[in-house]
Structures are given as C-alpha cells and as structure tokens.
J.: 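Next up is a structure, given as structure tokens.
Keep in mind it's a predicted model, so treat the numbers as computed, not measured.
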Amino acid sequence: MMKKIASPECLKETSAADRESPVPGATFRILPDPLLDHPLIGLGVEAEPPPFLWRDPKHVTPPLRARIWEVIERRLALLRPAIARLFCMPEQWNPSLDGRTYTWDHPDLQEYLRMIRFLDRLGCGINLVLFTQFREPIETQRRAVYAMIGFIQKLRDDLGIRNIRWLTLFNEPESVFRQDSPLARAIFGHDPPLHTWDEYVSLNRMAMELLRDHRMGDIRLVVPDVAWGGRMRRERMTLTAAAFPTEDVCFSCHHYNPEDREYYETVPDAFQYDGLQEEVERYRRLIGPTRQLIVWEFNYIGRGFDTHNPGVDTKGRIALEAPDAGAHVAYRVINSLRYGVDGLCLWHMNDGDVNKFGLWRSPNEHFGFKPHWYAFRLLTAAFRPGQWVLRVEGDSPAISLVATRDGQGKLRAALVNTSETPAIAEIRSADCDWRLAYRVGPVPSPSSSDEGLDIHDQPVAMERTGILRIPLEPWELVVLSNDRLDRLQE
C-alpha cells in the first residue's frame with residue numbers, strides 16, 4: 001500500500017523564509033473565464049481485452065483470462081475513465097466485410113463485447129479503431145469501413161450500447177496513407193506509398209456519409225490520428241484542417257515525445273519537436289476553439305523507447321518503473337489541458353507479456369501497480385467531463401498548473417513539480433475558495449493491492465483573500481478542490 005505523502009501540517013501557509021534555505025517559487029493567476037467554448041471531455045485509457053497484448057494468445061488460458069478480467073473490471077471501476085479506445089479487427093467476426101454477416105459467437109468478438117458493455121455501463125465514451133486492413137487494396141478498405149459501420153449499428157440497435165462516440169479509420173496511418181512532401185520522403189523514403197493522402201480523406205468522407213445514412217451522425221470521425229514526430233504531426237494536422245475545414249471531426253494526435261531538450265541535440269531535423277505548449281497551442285489555433293482536440297495515445301517515455309517498451313530515464317531506470325513516473329505523466333496531462341486539449345487517452349491500461357506501457361503489470365508480476373497509476377487515478381478523479389478549463393497566467397520551468405470549474409461551482413486545480421528541488425507555488429484566484437488538497441509523491445515500490453491508493457483529503461488554509469501558497473516536494477502532484485473528490489476512497 002502506498003504510504004501517505006504528507007500530513008495536514010505540511011499544508012499550512014508557508015514562505016521561503018520558513019525553510020532552512022530558499023526554494024524555487026512560481027506564481028500563477030487563475031482567471032474566471034474559460035479557455036474554450038466547450039467543456040472538458042476527460043481522461044481515459046486504451047482498453048483492448050485479453051489476449052490482445054500477448055505474443056501468443058494460447059498462453060492466456062481460461063483460468064488466467066478469468067483472473068485478468070477480474071482485475072480489469074475492478075480497476076477500471078476504480079479509475080472511472082471518461083474515454084476509452086479499442087482496436088477492432090472486423091475481418092475476424094465479419095469475414096466478408098459486408099457489414100451484415102457477423103459471427104457473434106467468435107471468441108474474440110465475445111471478449112470485445114464484454115469490454116464494450118462494461119465501458120458502456122461505466123458511462124465511458126468509446127472510440128472504436130479500424131486497426132487491420134491497413135495495407136490492403138483500397139476496395140478492401142472500403143469494405144472494412146462498411147464492416148465497422150455495420151458493427152456499430154448492431155451495437156446500438158441490437159445491444160443497446162449508447163456510448164460509441166468516435167470512429168477512427170486506422171491507427172497512425174501516416175506511414176501508409178502518405179502525403180507527397182519532402183518531409184514524408186525524408187521519414188518514409190522515396191518508394192511509392194501503398195496509399196495516398198487523398199485516399200485517406202476519401203475513406204473518411206465515405207464513413208461520414210455512411211454514419212449519416214445509418215442515423216449515427218452524432219459519431220465523430222477521428223483524424224488524422226498521427227504519431228510520427230513533431231514535424232510530421234504538424235504537417236498532417238495542417239493537411240487535415242484543410243481537408244475538413246468545417247466538418248465536426250475530432251482532431252487527434254499521439255504524443256510520446258520526451259520533453260528533455262538534450263534528447264533532440266542528435267535527432268534529425270525531420271524528427272525535431274518544439275515542446276508541448278507550442279504544439280498544443282498551434283493545433284488549437286489551427287482548428288479553432290469549437291472542434292474537438294484529443295490526444296488519443298500518450299505516455300511518458302525515455303531514451304531507447306520502442307513500440308513495446310518505454311525506454312529509460314536519465315538515471316538509467318525504466319521510465320515507467322521510476323518513482324517519479326507519475327509526475328511526468330501528470331506534466332503531460334496538466335499542460336495539455338491548460339493549453340487547449342479536450343481529453344487524453346493513456347496507452348495502455350495494463351501490461352501484456354510484450355507491451356510494457358500499462359498502469360499495472362502483467363499476471364507474471366502479480367498485477368502490481370506501476371508508479372504512474374497513482375497520479376493518473378488522482379487526475380482522472382479530479383478532472384471529469386463537463387468541467388470548464390479556466391485560463392491561467394504564469395509560467396515556471398518546474399511547476400505546471402491547470403484549473404477547472406463546473407456548472408455547480410466545483411473547483412479543481414492540479415499542480416506538479418517536475419524537479420528534484422522542493423518548491424512553493426503561489427496561486428492567486430479572486431473567486432476560488434480552496435479547501436482541500438490531495439497529494440501524490442514519488443512511488444518507490446509496486447503494489448498489487450487495489451487499496452494501494454492511500455490519498456486523503458487534507459485541509460488547506462488561504463493565506464489571505466484570493467491567495468494560496470502550496471509547498472511542493474520534488475516530483476509531487478497536488479490536486480486542490482473546494483469540495484471532496486467523488487469516489488477517490490473506496
């Protein structure tokens with residue numbers, strides 16, 4: 001079980017003079033007006049059911065599968081994700097790809113239906129991704145689109161699933177559906193692409209028309225779902241904004257870039273990255289304040305990362321096993337929301353025997369929580385759909401802050417210190433009456449207990465009207481509120 005990080009005494013008014021030596025500080029001002037003209041969508045996870053992340057599905061025996069499901073359902077109920085993303089392989093349960101003839105007793109489909117039903121009961125918005133048929137001829141891909149539309153219609157009409165809100169045609173399609181540009185050739189080479197950007201646009205337009213024809217026009221297409229480095233994300237997002245200038249699509253990118261500037265000293269120009277704030281603000285200006293912008297995949301990574309492993313940090317530790325991993329994940333969430341992202345979806349909810357990006361470990365490691373589980377669960381409890389992200393003034397190289405207010409006057413703010421030095425944050429907010437704080441610091445050891453999150457509300461005292469000074473330990477996340485967070489303690 002995670003030990004308490006701080007006692008209420010740590011939250012009394014504190015000044016730099018109270019400490020033995022000066023500590024860095026930051027001042028933020030929370031403004032009353034919202035950042036965007038629509039509320040927050042929320043935080044969530046990639047949630048494919050077993051045996052998706054296993055190298056050999058035969059290793060997932062029926063008893064093991066039952067145990068995996070038991071853990072998944074209990075922990076997702078604790079996490080309460082607002083959004084979830086699932087890869088779909090429609091040829092497994094609709095081999096003809098006609099969108100009509102489904103093999104409902106297919107074992108993999110049964111697993112997907114169980115997950116979709118469970119997420120639907122949680123009230124979680126679901127994004128279904130056409131994951132396969134990536135390299136097939138364009139006509140086969142069109143049929144796969146029919147298969148996905150037919151599948152979603154059956155989920156709605158026959159099973160009563162109401163929370164399918166997004167459809168994505170292909171995960172990270174930029175390597176196959178390529179634009180003709182110097183950047184694309186620099187990254188992917190000069191061989192002719194299997195498919196073109198225009199074909200990608202046409203498939204998405206076809207899917208929009210089919211959704212409208214099947215009375216499912218409320219489901220948004222997710223585009224361009226791009227991952228390949230900062231320069232490629234910028235180019236594909238610009239192309240997408242031009243291709244869909246007025247359509248109500250959900251703009252999406254994946255974000256794994258390290259924020260360590262030294263990392264880019266030896267990176268080719270095609271893979272350069274200008275930082276999280278610059279990127280998010282650029283995309284929000286590009287698409288405007290109204291349309292959705294969701295980071296449908298993200299996590300904290302280190303040097304030497306690959307598809308299945310998060311790499312190592314500057315101290316040589318596996319990035320997502322390091323005690324400060326939660327602070328790094330929190331940094332991405334806080335700054336993404338502050339600068340204009342509507343929601344973020346963490347890759348992945350759990351480890352398999354291959355992929356090691358999960359919030360908890362594989363069965364061989366007794367399903368132990370990773371260090372970033374604690375921070376992500378606190379953030380997911382704090383920032384719920386329907387809240388309005390407020391404008392914030394003030395910057396700091398070490399401390400990040402985001403704040404929200406909902407329609408009932410509930411206030412939330414999250415701060416994280418991403419440095420090895422204690423710090424103090426001064427928050428100025430004329431109409432915010434902060435009363436409680438929740439803290440998560442570095443987590444040095446794994447826990448397999450579902451009671452591992454030992455975070456309790458702790459009182460805070462405003463120094464004077466509209467001003468709160470909060471001490472932050474190294475790599476510490478603090479969430480402030482004016483009331484108790486729902487269901488944080490079970």
Side-chain angles (χ1 to χ4, degrees), residues 44-62 64-77 79 81-134 143-171 207 211 214 216 219 222 225 296-297 345-355 358-359 363:
V45 292
E46 187 90 15
E48 286 85 17
F52 179 77
L53 291 179
W54 268 258
R55 182 183 292 107
D56 186 350
K58 294 192 295 293
H59 291 165
V60 185
T61 62
L64 178 58
R65 188 182 300 252
R67 176 61 178 144
I68 292 170
W69 268 112
E70 178 187 351
V71 172
I72 286 173
E73 291 180 346
R74 187 169 63 249
R75 291 183 177 177
L76 287 186
L79 189 65
I83 58 176
R85 182 172 180 259
L86 287 85
F87 290 158
C88 294
M89 288 67 77
E91 72 281 357
Q92 292 183 348
W93 51 76
N94 180 205
S96 65
L97 298 178
D98 63 359
R100 296 187 302 274
T101 310
Y102 290 87
T103 309
W104 290 102
D105 58 353
H106 190 286
D108 287 345
L109 179 55
Q110 290 299 309
E111 299 292 290
Y112 271 80
L113 293 179
R114 178 175 178 175
M115 179 61 77
I116 290 169
R117 287 188 178 108
F118 180 72
L119 293 170
D120 192 64
R121 290 196 300 271
L122 291 179
C124 178
I126 301 169
N127 174 14
L128 296 183
V129 181
L130 173 57
F131 184 59
T132 49
Q133 312 302 313
F134 205 43
R143 288 164 46 216
V145 173
Y146 277 105
M148 289 298 297
I149 301 295
F151 180 54
I152 295 171
Q153 186 169 39
K154 285 184 174 291
L155 291 175
R156 282 193 165 188
D157 295 348
D158 298 347
L159 301 182
I161 303 297
R162 308 314 305 171
N163 284 315
I164 308 296
R165 298 180 189 165
W166 299 275
L167 170 62
T168 305
L169 302 186
F170 309 112
N171 173 65
L211 287 170
H214 289 75
M216 298 189 296
I219 294 177
V222 173
D225 211 47
W296 275 112
E297 275 191 31
C345 190
L346 188 79
W347 175 277
H348 191 279
M349 66 174 175
N350 60 261
D351 284 358
D353 64 352
V354 178
N355 197 283
L359 284 165

J.: To the nearest 0.5 Å, how far apart are CG in L76 and CZ in R121?
T.: 11.5 Å

J.: Counting C-beta onward and ignoring hydrogens, is there a side-chain heavy-atom pair between P363 and R67 closer than 4.5 Å?
T.: no

J.: What distance do L113 atom CG and L155 atom CG have between them, rounded to the nearest 0.5 Å?
T.: 6.5 Å

J.: Of all heavy-atom pairs between E111 and P50, which one has the smallest distance, and what is that distance?
T.: OE1-O, 3.3 Å

J.: Is atom CZ of R100 surrounded by more than 12 heavy atoms (other residues, nucleotides or ligands) closer than 6.0 Å?
T.: no

J.: So M89 and E91, do their side chains get closer than 4.5 Å, heavy atoms only?
T.: yes

J.: Would you indicate whether the side-chain heavy atoms of K154 and F151 approach each other to under 4.5 Å?
T.: no

J.: On a heavy-atom basis, which atom in A77 and which in F118 lie closest, and how many Å separate them?
T.: N-CZ, 4.3 Å

J.: Do F87 and W296 have their ring centres less than 6.0 Å from each other?
T.: no

J.: Side chains of H348 and E297: is there a donor and an acceptor less than 3.5 Å apart?
T.: no

J.: Can you tell me how far CG of L167 sits from CG of L130, rounded to the nearest 0.5 angstrom?
T.: 7.5 Å

J.: Please check: side-chain N/O of D120 versus main-chain N/O of N163, any donor-acceptor pairing under 3.5 Å?
T.: yes

J.: State, yes or no, whether a side-chain contact exists between Q92 and L109 at a heavy-atom distance under 4.5 Å.
T.: no

J.: When rounded to the nearest 0.5 angstrom, what is the spacing between CG in L211 and CE in M148?
T.: 10.0 Å

J.: Take a 6.0 Å sphere around CZ of F52 and say whether it holds more than 12 heavy atoms from other residues, nucleotides or ligands.
T.: yes

J.: Would you say W104 and Q110 are linked by a side-chain donor-acceptor pair, where the criterion is simply a distance under 3.5 Å?
T.: no

J.: Taking all non-hydrogen atoms of both residues, which atom of L53 and which atom of D351 are closest, and how far apart?
T.: CD1-C, 4.3 Å

J.: Under 3.5 Å, side chain of E46 to main-chain N/O of A84, donor-acceptor pair present?
T.: no

J.: Going by side chain to side chain contact (heavy atoms under 4.5 Å, CB included), R85 matches just one of L346, V222, N127. Which one?
T.: N127

J.: Which pair of heavy atoms, one from A207 and one from V145, lies closest together, and at what distance?
T.: CB-CG1, 3.9 Å

J.: In the structure I gave you, are the side-chain heavy atoms of I72 and M115 within less than 4.5 Å of one another anywhere?
T.: yes

J.: Take E73 and I68 through the test side chain to side chain contact (heavy atoms under 4.5 Å, CB included) and record every step on the way to the result.
T.: CA-CA 9 Å; E73 291 180 346; I68 292 170; over 6 Å; no

J.: Find out whether L86 and F131 are in side-chain contact, i.e. whether some heavy atom of one side chain is under 4.5 Å from a heavy atom of the other.
T.: no

J.: So, do T168 and L128 sit near enough that their side-chain heavy atoms are less than 4.5 Å apart?
T.: no

J.: Calculate, to the nearest 0.5 Å, the distance between atoms SG and CD1 belonging to C124 and I116 respectively.
T.: 11.0 Å

J.: If you take all heavy atoms of M216 and I149, which pair is closest and at what distance?
T.: CE-O, 3.7 Å

J.: Would you check if the side chain of H106 reaches a backbone N or O of D108 as a donor-acceptor pair within less than 3.5 Å?
T.: yes

J.: Go through the steps for E70 and R65 under the test salt bridge (charged side-chain N to carboxylate O under 4.0 Å, His left out), then give the verdict.
T.: CA-CA 9 Å; E70 178 187 351; R65 188 182 300 252; over 6 Å; no

J.: Do you know the tightest heavy-atom contact between C88 and W93?
T.: CB-CZ2, 4.2 Å

J.: So, N94 side chain and G99 main chain: donor-acceptor pair closer than 3.5 Å or not?
T.: yes

J.: Indicate yes or no for a side-chain donor-acceptor contact from Y102 to the backbone of A147 under 3.5 Å, with no hydrogens or angles considered.
T.: yes

J.: Return the CG to CZ distance between L122 and R117, rounded to the nearest 0.5 Å.
T.: 14.5 Å

J.: A side-chain contact here means heavy atoms from C-beta on lying under 4.5 Å apart; do L169 and V129 qualify?
T.: no

J.: Can you check whether R55's main-chain N or O pairs, donor with acceptor, with D353's side chain at less than 3.5 Å?
T.: yes

